[in-house]
Amino acid sequence: MTRTRDAAVASQTSTIRLAQAAAVLSVLVVLWQFFSAGRLLEGADALGGHGGGAIVLHVATGLLLVAAVLYGRQSGLWWPAGLAAAVFVLTFVQGALGSSGNIAAHVPVAVVVTIGIVWLTAWAFWPTSI
């Protein structure tokens, strides 16, 4: 019985580490997005970097979703997977809004995505997550 419990704890530890890595990557990409958006507002030609960052954000939040689902399967804690799914979907909504030039909606969705990523990062590093 101890061996099974030890394997389960080790498995949860590996999935939370994946969540932590994906969360940190997501935070770093969001910081890049804020930086490149600021450059756009200053009139700099940063659209390529901002668009590329959006693609990386889709990948990072997708990895975060996978990690949260794996963790949920092992622990029974499903709210992080639900939040990660919402954040992942919202990155596409945000990208579509930005591509269409609807900045009035693009920016508030960016704030919601950022809050979701920060919340998931806090969860991933909270000591009781493991």
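Scope of the values below: all heavy atoms of this structure, side chains included, with no hydrogens, waters or symmetry mates.
- Scored by the side-chain hydrogen bond (donor to acceptor under 3.5 Å, both in side chains) test, R73 finds no partners at all (sequence neighbours excluded).
- V107 belongs to a hydrophobic cluster with I103, counting contacts under 4.5 Å between side-chain heavy atoms of Ile, Leu, Val, Met, Phe, Trp and Tyr, direct or through other members.
- Hydrophobic clustering keeps V87 apart from L63 (ILVMFWY residues linked when any side-chain heavy atoms are closer than 4.5 Å, directly or through intermediates).
- For W79, the side-chain contact (heavy atoms from CB on, under 4.5 Å) criterion is met by L77, L83, W119, W123, not counting sequence neighbours.
- Partners of L18 under the side-chain contact (heavy atoms from CB on, under 4.5 Å) rule, at least two apart in sequence or in another chain, are A67, L70.
- In this structure, V69 belongs to a hydrophobic cluster whose other members, linked by side-chain heavy atoms under 4.5 Å apart, are L65, W78, F88, F92.
- For the side-chain hydrogen bond (donor to acceptor under 3.5 Å, both in side chains) condition, no pair includes a residue of residues 92-116, sequence neighbours left out.
- Clustering ILVMFWY residues whenever any of their side-chain heavy atoms sit less than 4.5 angstrom apart, transitively, puts V93 in a cluster other than the one holding I55.
- To the nearest 0.5 angstrom, L28 atom CG is 12.0 Å from Q33 atom CD.
- Shown here are the side-chain contact (heavy atoms from CB on, under 4.5 Å) partners of V56, two or more places apart in sequence or in another chain: V29.
- Minimum interatomic distance between A22 and A60 (heavy atoms only, all atoms of both residues): CB-O, 4.0 Å.
- In the hydrophobic cluster analysis, where Ile, Leu, Val, Met, Phe, Trp and Tyr join through side-chain heavy atoms closer than 4.5 angstrom, L97 is grouped together with V112.
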Worked check of side chain to side chain contact (heavy atoms under 4.5 Å, CB included) between L40 and L47: CA-CA 7 Å; L40 284 169; L47 191 56; 4.1 Å; yes
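- Remark: V27 engages L31, I117, T121 in a side-chain contact (heavy atoms from CB on, under 4.5 Å) (not counting sequence neighbours).
- Using a 4.5 Å cut-off between side-chain heavy atoms of Ile, Leu, Val, Met, Phe, Trp and Tyr, with links allowed through other members, F34 and L57 fall into the same hydrophobic cluster.
- Within the structure, the side-chain hydrogen bond (donor to acceptor under 3.5 Å, both in side chains) test picks out the following pairs touching residues 48-63 (sequence neighbours left out): S36-H50, H58-T91.
- Sorted by first then second residue, the salt bridge (charged side-chain N to carboxylate O under 4.0 Å, His left out) pairs that include residues 30-39, not counting sequence neighbours, are R39-E42.
- W32 belongs to a hydrophobic cluster with F35, counting contacts under 4.5 Å between side-chain heavy atoms of Ile, Leu, Val, Met, Phe, Trp and Tyr, direct or through other members.
- Distance check: L25 CG to Q20 CD gives 13.5 Å after rounding to the nearest 0.5 Å.
- To the nearest 0.5 Å, atoms OG (S26) and CG (L120) are separated by 8.5 Å.
- Here salt bridge (charged side-chain N to carboxylate O under 4.0 Å, His left out) pairs that include residues 83-97, with residues two or more places apart or in two chains, number zero.
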